[in-house]
Participant: 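Just dropping this structure here.
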Amino acid sequence: MELLHNKRRLSSPSSAGADLALASPSSSSSSSSSISTSLSSPRSVSVSLVNQQIQNHNHNHNHNYTHTHNKIHNHPPNPTTMGGIAADVFASSPPRPTNLPTGTPTPPPEPMSEPYHGYSFPHNRLKRRLTHPNKTPLVLVSCGSFSPPTSLHMSMFSVAESYAERTGFELVGSYMSPCSDTYGKSSLVPAHHRINMCRLAIEQTNSNAMIDDWETLRRDEAGRPVYTRTADVLKRLDEQLNDVLGGIQTLDGTFVRARVMLLIGADLALTMSDPKVWAPADIDVLLGYYGAFIVERPALCATQDAIQPLKKYHGNIMVVPSFQNDVSSTKARAQIRNGEVAQDLPRSVYDYIKLHHLYGSAPPKDRHVDKNGKPDLEMVSPRLPVASHR
Ligand SMILES: Nc1ncnc2c1ncn2[C@@H]1O[C@H](COP(=O)(O)OP(=O)(O)OP(=O)(O)O)[C@@H](O)[C@H]1O
Ligand SMILES: NC(=O)c1ccc[n+]([C@@H]2O[C@H](COP(=O)(O)O)[C@@H](O)[C@H]2O)c1
C-alpha cells in the first residue's frame, strides 16, 4: 500500500510554481488586479500569473489523463490504489507542492454498516458538466460543528467560490459535513438539530451547498456513533464523487475526476500543525493530497501564523481573504444564552433555536481526555488543543 501510494505521488506532476495565492474577495471574477503573496518567500506573484501557470499546467496534462465515461464504468476502481484513487488522479489538477509529503496516509474508514435507512450520498446540486474549457472541477468540503451554522459559515462558500473563479478551478459542488455528536465539543447540540439548521441556513442564503450527514450517521458494529477524522471524510467524498458517480464531464464529453478540497477557517488551519490534534499522516492526506481553501479569520488568528507551519504544502493551499468579522458559533450561543438576538445567524436558524430551546444554558466543559483519562487522537474525538486556540 505504501509503495503504491508513493508511486501515485511520484507520478503526480511536479509543481509548476503556483505559490500560495492571496487575492481580494471584493474583486469581481474578471479582475486580476489583486495581489497574491507567497508565504514561503516575501516576493509577490500576481493572481493572473498563478492562474496562467495553473491553466498551462492543466492544458499540458488534460489530454493525457482524461478518460471516457464508459471506461470509468466498465472498469471497477483499481483495488490496489488508496481508497480507489487512481495513480493519475490529479493529473489535470493544479500543481502539486514541490516538497512532496513523506507521511503514510491512513487507510480509508472501515465501511460502516451500510445501508443506513434513508441515507444516500447527496449530489442533487452537483454540477455534472463543466461550463468552462480547460478548468479543473472543484468540490469544496466544509467539515465543522455548525452548532449553530452562522452567516459566515455560509459566506465562506461564496468568498471561496469567487476566489476559485479566478483560478484554474471551476466549482462544481460544495458540501457541509457536520461532525458526529461524538466529537468531544460540549457545545454540540444533537446532530439532527445541527443538520436541520444547516438546511435552513442553506435555504435562507440561497446557497448551493449540500449537506452530507454521513459523518453524523456512522456507527460501529455495536451501533454506537463513531467520530470520523476529516481525512477520512474527504477520502470517502472523493470516492463517491469520482468512483461511484464517475466524475465530472468536460466540454469535450470526457469525464475527469473532480478535485476535492477542504474549506476551512484560518483558526482551524492553525491547529493543523499540532500533532495532538491532527495526525501528521492525516495532514499529508488533507493538505498534501487534497489541499485546502483557507479563509482568513482575523478576529481569531493571524493568517501567517496559521499558514507558516504548513508551508511544505503551500502549492496546495489557497488563502482566501475575508472581511473583518468576529462571527462565531461561540458568540451566537452566548448571545442566545443572554437573551440577545443573534444577528449573525440566518433568521430561520435563529427562529429554529428559539423554537427548540437550544443553547439556553452554558455547556459543560469540553471533554479533553478519553474514558481512560488520556488524550487520544485516534479515538472518538481529537478535541483537546482545538478548544485551546480560542
Ligand atoms: N467567521 C469565520 N471566518 C472564517 N472561518 C470560519 C468562520 N466561522 C467559522 N469558520 C470556519 O468554519 C469551519 C467550521 O467551524 P465551526 O462549526 O467550528 O464554527 P466556529 O464558529 O469556529 O465554532 P465555535 O465557535 O463553536 O468553535 C471551521 O473551519 C472554521 O474555521
Ligand atoms: N484529526 C482530525 O481529523 C480533526 C481534528 C480537529 C478538528 N477536526 C474537524 O474539524 C472540524 C471543525 O472543528 P471545530 O468545530 O473544532 O473548529 C470538525 O469537523 C472536526 O471533525 C478534525
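Whatever order the structure lists ligands and atoms in, that order sets their numbers, starting from 1. Just the heavy atoms: all of them, side chains too, but no hydrogens, waters or symmetry mates, feed the values below.
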Participant: Give the atom numbers and elements of ligand 2 that come within less than 4.0 Å of a heavy atom of Arg229.
Facilitator: 3 (O)
Participant: Should Ser329 be counted as touching ligand 1, given the test is an N or O pair under 3.5 Å?
Facilitator: yes
Participant: For Leu152, is at least one N or O under 3.5 Å away from an N or O on ligand 1?
Facilitator: no
Participant: Among side-chain atoms of Arg194 and Ser147, is any donor-acceptor pair under 3.5 angstrom?
Facilitator: no
Participant: Please identify which atoms of ligand 1 are closer than 4.0 Å to at least one heavy atom of Thr330.
Facilitator: 24 (P), 25 (O), 26 (O), 27 (O)
Participant: Scan for salt bridge (charged side-chain N to carboxylate O under 4.0 Å, His left out) pairs involving residues 195-217, sequence neighbours excluded, and state none if there are none.
Facilitator: Asp212-Arg236
Participant: Is Asn325 close to ligand 1, meaning an N/O of one under 3.5 Å from an N/O of the other?
Facilitator: yes
Participant: Does any N/O atom on Cys179 come nearer than 3.5 Å to any N/O atom on ligand 2?
Facilitator: no
Participant: Give yes if a backbone or side-chain nitrogen or oxygen of Val295 is under 3.5 Å from a nitrogen or oxygen of ligand 1, and no if not.
Facilitator: no
Participant: At less than 4.0 angstrom from any non-hydrogen atom of Ser145, what atoms of ligand 2 do you find?
Facilitator: 15 (O)
Participant: Give the atoms of ligand 1, by number and element, whose distance to some non-hydrogen atom of Lys185 is under 4.0 Å.
Facilitator: 18 (O), 23 (O), 24 (P), 26 (O), 27 (O)
Participant: Under 4.0 Å from a heavy atom of Asp267: which atoms of ligand 1 are those, numbered in the order shown and with their elements?
Facilitator: 30 (C), 31 (O)
Participant: Have Gln204 and Ser348 got a donor and an acceptor in their side chains that come within less than 3.5 Å?
Facilitator: yes
Participant: Arg333 near ligand 1, heavy-atom distance under 4.0 Å?
Facilitator: yes
Participant: Do Val277 and ligand 2 have an N or O pair less than 3.5 Å apart?
Facilitator: yes
Participant: Please could you name the atoms of ligand 1 that Val327 approaches to less than 4.0 Å, counting only its heavy atoms?
Facilitator: 1 (N)
Participant: For ligand 2, note which part of Thr230 has a heavy atom under 4.0 Å away: side chain, backbone, both or neither.
Facilitator: both
Participant: Counting heavy atoms only, which of Gly265, Ser177, Pro149 comes nearest to atom 28 (C) of ligand 1?
Facilitator: Gly265
Participant: Does an N or O from Ser142, backbone or side chain, lie closer than 3.5 Å to an N or O of ligand 1?
Facilitator: no
Participant: Compute the shortest N/O to N/O distance between Phe146 and ligand 1 and return yes if it is under 3.5 Å, no if not.
Facilitator: yes
Participant: Just which atoms of ligand 1 are under 4.0 Å from any heavy atom in Ser328?
Facilitator: 21 (O), 25 (O)
Participant: Is Lys185 close to ligand 2, meaning an N/O of one under 3.5 Å from an N/O of the other?
Facilitator: yes
Participant: Students often mix this up, so state it plainly: with edges at 30° and 60°, are the rings of His356 and His193 parallel, tilted or perpendicular?
Facilitator: tilted
Participant: With no hydrogens and no angle check, is any side-chain donor or acceptor of Arg129 less than 3.5 Å from a backbone partner on Leu251?
Facilitator: yes
Participant: Look at the side chain of Arg333 and the backbone N and O of Leu358, then say whether any donor-acceptor pair between them is shorter than 3.5 Å.
Facilitator: no
Participant: Verify, without hydrogens or angle tests, whether Asp326 (side chain) and Ala299 (backbone) share a donor-acceptor contact under 3.5 angstrom.
Facilitator: no
Participant: Under 4.0 Å from a heavy atom of Cys143: which atoms of ligand 2 are those, numbered in the order shown and with their elements?
Facilitator: 11 (C), 12 (C), 19 (O)
Participant: Do any nitrogen or oxygen atoms of Ser187 lie less than 3.5 angstrom from nitrogen or oxygen atoms of ligand 1?
Facilitator: no
Participant: Taking atom types as modelled and ignoring hydrogens, do the side chains of Ser187 and Tyr359 form a donor-acceptor contact shorter than 3.5 angstrom?
Facilitator: no
Participant: Can the ring centroids of Tyr175 and Phe121 be said to lie less than 6.0 angstrom from one another?
Facilitator: yes
Participant: So, taking the atom named CD in Glu170 and the one named CZ in Arg259, what distance separates them when rounded to the nearest 0.5 Å?
Facilitator: 15.5 Å
Participant: Please identify each residue that fulfils side chain to side chain contact (heavy atoms under 4.5 Å, CB included) with Thr150, with sequence neighbours left out.
Facilitator: Leu152, His153, Val327, Ser329, Leu345
Participant: Side chain or backbone, does Thr228 bring an N or O within less than 3.5 Å of an N or O on ligand 2?
Facilitator: no
Participant: Check whether any side-chain N or O of Asp238 sits under 3.5 Å from a backbone N or O of Leu234 as a donor-acceptor pair, and report yes or no.
Facilitator: no
Participant: Heavy atom to atom 20 (P) of ligand 1, shortest distance: which of Arg194, Arg297, Lys331 holds it?
Facilitator: Arg297
Participant: Which atoms of ligand 1 are found less than 4.0 Å from any heavy atom of Ile264?
Facilitator: 29 (O)
Participant: Any side-chain donor-acceptor pair under 3.5 Å between Ser180 and Thr182?
Facilitator: yes
Participant: In terms of side-chain geometry, is the basic nitrogen of Lys235 or Asp232 positioned less than 4.0 Å from the acidic oxygen of its partner?
Facilitator: yes
